[in-house]
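Comments concern the structure below.
Chain naming here is simple, since letters A, B, ... match the order of the sequence lines and numbering starts at 1 in each. Quick note: numbers below take in every heavy atom, side chains included, and nothing from hydrogens, waters or symmetry partners.
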Number of protein chains: 2
Amino acid sequence: MSSQETPRRPTIADVAREAGVATSTASVVFSGKAKVAPATRERVLAAAAELGYAGPDPRAASLRRGRSGIVAVVLEGHLRAAFLDPVTTAMMDGLTDGLAELSAGILLMRDEPGEGTAIADAPVDAVVLIGCSGRTRASLEVVVGRGLPVVVIEGDAGEAIPRVTLDNAAASADIAKHVRDLGHRDVALVTLPLDSDRERAAVTPERLANATVDVTVHRLAGTREVFPDAPAISASGSLIDEGVRVGRMLLADPATRPTAVLAQSDLLAVGVIRAAEEKGLRVPEDLSVAGFDGIALDGLGDLTLTTSVQPAVEKGRAAGEQVARMLRGEPGITQHLTCRFRVGTTTGPASR
Amino acid sequence: MSSQETPRRPTIADVAREAGVATSTASVVFSGKAKVAPATRERVLAAAAELGYAGPDPRAASLRRGRSGIVAVVLEGHLRAAFLDPVTTAMMDGLTDGLAELSAGILLMRDEPGEGTAIADAPVDAVVLIGCSGRTRASLEVVVGRGLPVVVIEGDAGEAIPRVTLDNAAASADIAKHVRDLGHRDVALVTLPLDSDRERAAVTPERLANATVDVTVHRLAGTREVFPDAPAISASGSLIDEGVRVGRMLLADPATRPTAVLAQSDLLAVGVIRAAEEKGLRVPEDLSVAGFDGIALDGLGDLTLTTSVQPAVEKGRAAGEQVARMLRGEPGITQHLTCRFRVGTTTGPASR
DNA sequence: TTGTAAGCGTTATCAC
DNA sequence: GTGATAACGCTTACAA
C-alpha cells in the first residue's frame with residue numbers, strides 16, 4: 001500500500017515481513033502444524049489479507065514436502081473411450097472411494113504412443129495403470145524407474161508390481177460351460193480388441209499370438225477350454241454398435257450360423273442381439289447370447305443378459321486402497337477379485 | 001557403484017558430477033532447450049543410466065518453471081455422478097480436445113463443502129469450473145484469489161470471468177412452444193436439482209428463490225415463459241430411475257394427469273416414459289414427453305425423443321481452448337453456445 | 001511460542 | 001557449447 005514495489009505475487013516471506021514475524025511462523029499459521037499464539041496468528045492472517053496472499057504456493061510446497069497430493073490414472077487409448085465405457089466409469093468411481101482417505105486428486109492421463117512420457121513429467125505421488133497392455137507397459141517402466149508407487153489393474157506387470165486382477169479365464173469358462181450344458185455345439189465368439197490396432201477381423205492363431213490386451217486373451221483362453229475350436233471375431237471396441245456389426249458378420253450365412261454367440265462384453269452382446277433381431281431371429285429360441293461384465297444395461301427390453309458380473313467398482317476401490325497403503329510406506333499387495341456368473345434369459349437350449 | 005553413499009534418489013546434480021559437466025549442462029540435455037555437443041550429451045545420458053536417474057523431478061521443475069502442466073476440472077457433487085452423466089462425459093471429451101495443444105493433464109476435483117479448499121492445495125496452472133452453483137462459487141473465489149486462469153462452464157460467474165454458456169432458457173422455451181402448438185394445456189415439468197440438497201419435491205416459489213443451480217433455473221424460466229403456471233417437481237439427479245419416480249408422482253392421479261411432461265434432461269424424460277408405460281399410457285398418444293440434452297439414448301425402443309440438442313462436446317472444447325489461450329497470456333473470452341431443437345416421436349397432438 | 005537457517009531439485013541468466 | 005550462480009517459494013529441524 002505504501003510502496004508498490006511488488007508487481008509479482010506476494011510470498012509467505014512477504015506476509016511474514018508485513019506481519020513482523022518469521023517466515024516459519026507464517027508458514028505454521030497456514031499449515032496448522034504447530035501452536036501459534038492467537039494474537040500472532042491474527043496478525044499474520046491480517047497481513048495476508050492486506051497483501052492479497054491466498055496461501056502457500058502448492059508447487060513450492062510439493063517440492064519441499066516431496067508430495068503433490070496427486071495420483072495419476074493412466075488409461076489406454078482416447079479418454080473419450082474411457083468415459084463411454086461403463087466398466088471403466090464404475091471403476092473410476094470405486095477408485096475415488098479407495099483414494100478418499102488421501103484426499104488426493106486424480107490426474108487423468110492417457111497412454112499414447114507419442115506422449116508415452118507425459119507421465120514422466122507429471123508431479124504425481126503414485127500411479128494407477130489400467131489395462132496394462134503392450135503400450136501401457138512403456139509407461140510402467142517409466143513409472144517404476146521413477147520410483148513411484150504403482151498399482152496395475154488387470155494387466156500383466158510381473159510379480160513385483162502390486163496388481164488387481166480378475167479371474168477372467170475361469171469366469172469365461174463358466175459361461176461357456178453353461179452354454180455347452182444347454183446343448184450348444186455351434187458356438188461363435190466375439191472378443192474385445194486384441195491389440196491397439198483394434199482391427200475387426202477373424203481371430204487367427206497368428207493374430208492371437210501377437211495380441212497385447214491381456215483381458216481379451218485371458219477371456220478367450222477360458223472360453224476355449226470349453227469350446228477349443230469356436231471361431232472368433234475380434235471387435236474394434238466394446239460398443240453396442242460394434243456388436244451389431246460383428247453380429248451381422250456372424251449371422252450373415254444361414255448355413256454356418258451358430259446357435260450361440262459368446263461376447264466378451266455386455267455391450268457387444270447387446271449389439272449381437274440387435275443384429276439377431278434385424279435378421280428376424282429370436283433370442284434365445286433361435287440364438288443364445290451371453291456377455292461379460294454384468295453392467296446395468298438399457299435397451300434389452302424384457303430380456304436379462306446371461307453374463308458374468310465383474311466387481312468393477314471393487315476393482316477401483318482395491319487399487320485406491322493399495323495406493324493409499326503404499327503412500328503410507330506399507331508394501332502394496334496383489335488382490336485377486338472374482339466374477340460371479342449370472343444366468344439370464346438370453347440363453348436357452350440349443351434348437352438344433 | 002564404487003561407493004554407495006546415496007540412499008536417496010540421484011538428482012541432476014549427481015548426474016552432472018558423474019558426467020563431469022555442470023548441472024546446467026545436464027539440465028539442458030534433458031530439456032533440450034539449448035544445443036549440446038553430442039559427446040557431452042552421451043556422457044550425461046550414460047551417467048544418468050549409471051545412476052538410475054529417470055529425468056528431472058517434476059515437482060522441482062514445476063516450481064522453477066512456474067508451471068505444472070495440470071489443469072483442474074472441478075465438478076460439483078460426487079465424481080461418480082459425473083462419470084454416469086453422459087453430458088458431462090461428452091464435455092470432458094471435448095475438453096481433452098481443447099486442451100490437447102497444451103498436452104496438459106486433467107486433474108479431476110470435486111467441489112465438496114468440507115474440502116472446498118482442496119483446489120487451493122493443488123499445483124495446477126488453470127481451472128475449469130463446471131456448473132458453477134452456490135457451492136462451486138466458493139471454489140471460484142479461491143481460484144481467482146490465487147490468480148489462476150479460470151473458465152466457468154454454464155455458471156453465473158460474473159462478467160469478469162470467461163465463461164461458456166448455453167441458451168438454456170431460449171431452448172427450453174422452444175420445446176415448450178412446440179408442445180403448446182400441439183395443443184397441450186395441462187403440462188407438468190420435471191426439473192433438475194434446484195440446489196445441492198437435491199430434494200425430490202414440488203417446486204414452490206420459495207424453493208425456486210433459493211435455488212442455486214443456474215441451469216435448472218434458466219431452463220425452468222424458459223419453459224415458464226410459455227407455461228407460466230405449469231406445476232414442476234425437482235428431481236434429485238439426472239437419472240432414468242429418478243425420472244421413473246417423478247413420473248409416477250406426476251401420473252399417479254388420473255384426474256390431474258397432465259397431457260404432456262417436459263423434463264429438463266433426456267434421462268429424466270426416458271424415466272417418465274417408462275413410468276407412463278407402467279401405467280399403461282401410450283407415448284405420444286396418451287402422453288407427450290420431451291427432454292433436454294440430445295444425448296444418444298438406449299432403451300427407447302422405436303421412439304425418438306423430442307428434445308433440444310446441446311453442444312456438449314463443443315462446450316468442453318470451447319473451455320479447453322479458452323484455457324489454452326489464457327495460459328498463452330491472451331485474455332479469455334466468453335463463448336455463447338446454442339442448442340438445436342429436435343422433433344422426435346415422443347410428442348404428439350393433445351388428446352383432450 | 002517464535003526465530004534461524006538449511007535445504008527441496010530444478011532451470012534461467014549470463015558470462016566465458 | 002559449457003559453466004557458475006542465483007533464484008523458484010516453501011517447510012522443518014533445531015535453537016533460543
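Of the candidates A:V44, A:V29, A:V36, A:V21 forms a side chain to side chain contact (heavy atoms under 4.5 Å, CB included) with just one, namely A:V44. Screening A:I119, A:V71, A:V124 for a side chain to side chain contact (heavy atoms under 4.5 Å, CB included) with A:L148, the sole residue that qualifies is A:V124.
Looking at heavy atoms from C-beta onward, A:R146 lies out of side-chain contact with A:V127 at the 4.5 angstrom threshold.
Residues from residues 57-67 of chain A with heavy atoms under 4.0 angstrom of DNA chain C, sorted by number: A:L63, A:R64. Shown for residues 17-41 of chain A: residues whose heavy atoms fall under 4.0 angstrom of DNA chain D, namely A:S24, A:S27, A:K33.
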Under 3.5 Å, which donor-acceptor pairs do the side chains of residues 87-99 of chain A form with other protein atoms, sequence neighbours left out?
unit_1	atom_1	unit_2	atom_2	d
A:T88	OG1	A:D85	OD2	2.9
A:T89	OG1	A:P86	O	3.0
A:D93	OD2	B:R80	NE	2.8
A:D93	OD2	B:R80	NH2	2.8
A:T96	OG1	A:D93	O	2.6
A:D97	OD2	A:R317	NH1	3.0

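Using a 4.0 Å cut-off between charged nitrogen and carboxylate oxygen, B:D125 and B:R65 do not count as a salt-bridge pair. Between B:E101 and B:R328, at least one side-chain nitrogen of the basic residue sits less than 4.0 Å from a carboxylate oxygen of the acidic one, meeting the salt-bridge criterion.
Along DNA chain D, read 5' to 3', the first and last nucleotides having any atom under 4.0 Å from a heavy atom of chain A are D:dG9 to D:dT12. Extent of DNA chain C lying under 4.0 Å from chain B heavy atoms, first and last nucleotide in 5' to 3' order, is C:dG9 to C:dA12.
In the displayed structure, A:R198 atom CZ is contacted under 6.0 Å by at most 12 heavy atoms of other residues, nucleotides or ligands. More than 12 heavy atoms of other residues, nucleotides or ligands sit less than 6.0 Å from atom CD of B:E330.
In terms of heavy atoms, A:A48 sits closest to A:F30 at CB-CZ, 3.9 Å.
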Start with the C-alpha distance between A:V164 and A:V152, add both sets of side-chain angles, then the distance that settles side-chain contact (heavy atoms from CB on, under 4.5 Å), and finish with yes or no. CA-CA 6 Å; A:V164 176; A:V152 172; over 6 Å; no

What verdict does the side-chain contact (heavy atoms from CB on, under 4.5 Å) test give for B:V15 and B:E18, after you've listed the backbone C-alpha separation in whole Å, the side-chain angles of each residue and the deciding distance to 0.1 Å? CA-CA 5 Å; B:V15 173; B:E18 175 86 11; 5.7 Å; no

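Applying the salt bridge (charged side-chain N to carboxylate O under 4.0 Å, His left out) rule to pairs touching residues 33-49 of chain B yields nothing, sequence neighbours excluded.
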